[in-house]
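A single structure is presented below for examination.
Counting starts at 1 for both ligands and their atoms, following the listed order. The first residue in the sequence is number 1, and the count goes up from there. The figures that follow rest on heavy atoms only: side chains count, while hydrogens, waters and symmetry mates do not.
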Amino acid sequence: MDGRYEPVESPDETTVFPYHDLTPPTTADAARARKTVSRHLPETPLVRSEHLSAVTGADVYLKREDTLPTGAFKVRGGVNLLATLDEEFRERGVLAASSGNHGLSIAWAGREFGVPVTIGVPAHANAGKVAAMERLGAEVIRHGPDFDAAREHVEELAVETGKRYVHSGNEPKLLAGVATAGLEVVEELPEVDRLYCPVGGGTAAVGYCLTVGAVTDADVVGVQSAAAPAMYRAYHEDTLAPHDRMETGAEGVATRVPFALPMGVLRDGLADFTLVPEDAIGDAVARLFAEERIVMEGACGTGVAAALGADDIAGETVVVPVSGRNIDRAKLDAALAEYDGEG
Ligand SMILES: *Cc1c(COP(=O)(O)O)cnc(C)c1O
C-alpha cells in the first residue's frame, strides 16, 4: 500500500476517499443504470393496497422492493456499483459498513460479479441480516455499538488494505442504481400524486426525486422517525452537523450523520420532509402484516405511517415503497402484540 487512499476532507464528517465522487447523479444516469440493473434483477411489482386505500381514502400503491433478492431495494445500487467497479478493486475487494441491508446489497452483488466483500456491522446487528451476508460469502466484522462506530472502523481498514470502501450514501453509482425503482414507478403509474419515502442515508429518496419527482407532477416526501431525525434536521435547518439523538428501533433509518451527496439532491428534490412517531411505525408494521400479510421492516413502516397520518391525501394517487422485509422476528412479534386492529 502506498497511501493512495488516505482519507480526504469530507463536507459531512464521514470520511470520503479520493474515489468518492460527490457529483450528483442525473435522471440520465438512472436510465443508464437501468440497463445494468435489469440484466441482474427483476422489476418489482407495484400493487394497490386495499387496506391502506380504504383507510386513507386515497389510491395507495405499494412498490414491492421486498420481492428483490436480499429483500430490500439497496441491492439495485450494489449491482450498479459493482458492475462498473475499477479493475484494481475487483481482485482486492470492497468494504462497507452497514446496519444490514447495505451490506446485504454489496454481498449479493459481490457474489454476482466475483468480487471479495467485507462488511463491518455494529456488534448487535440484526442476526438474520448478518447470517444472510455470510451465506452470500461476505466476511462480516462486528465492531462497536452502532453504525457510525462500525463505519469508522471500516474506514480505517480501507486505508490499511486498499480495498474499495463503498460508502452508504456518497456514491453516485449507488444512487443511480437505486433510482431504477423510480423509473419503474414512472412507467407504470405516471399519474402518481405523492410518494412517501423512508429516509436513512437518503439514497432511496434521491432515487425517487431523480425519477418520479423529476418527470411526473408528483411530490416526493421524505419520512424519518421522530426518534432519529438527523436528515430531517439537515433538510429543514440546512446543516450537515451530526445529530445526537438516534433512538429508533428501525435500523434501516437509524442515522446519526447526514451524508453530503444525498442531502444535496434532497434539498431541492423533496417537496417536504416529515417525521412520524416511533409507535406509529410499529403500528404500520403490524397493520400491514395483520391486514395484508406483508412483512416489512420498521424503516418502511415510516412511509406507511406518514400516509396513514396524512389528513390531505383523500382522492390522491399515493405510492409507498416497501423498502425491505428483513425485520427481526422479535420486533415483528412485539409490534403485533401491541396492534389492536381486527386482522
Ligand atoms: C436503508 C433502508 C431505508 C432507508 O434508505 P436510505 O437510502 O438509507 O435513506 C429504508 N428502508 C429499508 C428497509 C432500508 O434498508
**Where ligand 1 meets Thr203 - atom numbers and elements under 4.0 angstrom, heavy-atom basis** = 6 (P), 7 (O), 9 (O)
**Message:** Give me the nearest non-hydrogen protein atom to atom 11 (N) of ligand 1 as residue plus atom name, then the distance to 0.1 Å.
**Reply:** Ser323 OG, 2.7 Å
**Item:** Where Glu247 and Ala228 come nearest, the two heavy atoms and their spacing
**Value:** N-CB, 4.4 Å
**Message:** Please check whether Cys300 reaches ligand 1 - meaning an N/O of the residue sits under 3.5 Å from an N/O of the ligand, judged on distance alone.
**Reply:** no
**Message:** Show me which atoms of ligand 1 lie under 4.0 Å from any heavy atom of Asn101.
**Reply:** 13 (C), 14 (C), 15 (O)
**Request:** Pull out every atom of ligand 1 sitting under 4.0 Å from any heavy atom of Val199, numbered as shown with elements.
**Result:** 9 (O)
**Prompt:** Do Ala72 and ligand 1 have an N or O pair less than 3.5 Å apart?
**Reply:** no
**Complete:** If you scan protein heavy atoms around atom 5 (O) of ligand 1, the nearest is Phe73 CZ, 3.4 Å
**Request:** Answer yes or no: is there a side-chain heavy-atom contact under 4.5 Å between Pro321 and Pro198?
**Result:** yes
**Asked** Between Glu171 and Arg164, is there a side-chain N and carboxylate O pair less than 4.0 Å apart?
**Response** yes
**Prompt:** Ring centres of Tyr165 and His20 under 6.0 Å apart?
**Reply:** yes
**Message:** If the cut-off is 4.0 Å to any non-hydrogen atom of Gly324, which atoms of ligand 1 fall inside it?
**Reply:** 13 (C)
**Heavy atom of the protein closest to atom 8 (O) of ligand 1 (residue, atom name, distance)** = Gly201 N, 2.8 Å
**Pair Arg287 + Glu291, salt bridge at N-O below 4.0 Å** = no
**Message:** Once rounded to the nearest 0.5 Å, what's the spacing between atom OH of Tyr196 and atom OG1 of Thr274?
**Reply:** 7.0 Å
**Asked** Looking at ligand 1, does any of its N/O atoms fall within less than 3.5 Å of an N/O of Gly200?
**Response** yes
**Contact with ligand 1 for Gly202, non-hydrogen, under 4.0 angstrom** = yes
**Request:** Can you pull out the closest protein heavy atom to atom 3 (C) of ligand 1? Residue, atom name and distance to 0.1 Å, please.
**Result:** Gly252 O, 3.5 Å
**Request:** Identify the heavy atoms of Glu292 and His51 that sit nearest to each other, and give their distance.
**Result:** OE2-N, 2.9 Å
**Message:** Check this for me: does any side-chain nitrogen of one of Arg267 and Asp238 sit under 4.0 Å from a carboxylate oxygen of the other?
**Reply:** yes
**Fill in**
Quick note on ligand 1: atoms under 4.0 Å from a heavy atom of Glu297 include exactly 13 (C)
**Asked** Would a line drawn from the ring center of Tyr19 to the ring center of Phe89 be shorter than 6.0 Å?
**Response** yes
**Prompt:** In the protein, what heavy atom is nearest to atom 2 (C) of ligand 1, and what distance, to one decimal place, separates them?
**Reply:** Lys74 NZ, 2.4 Å
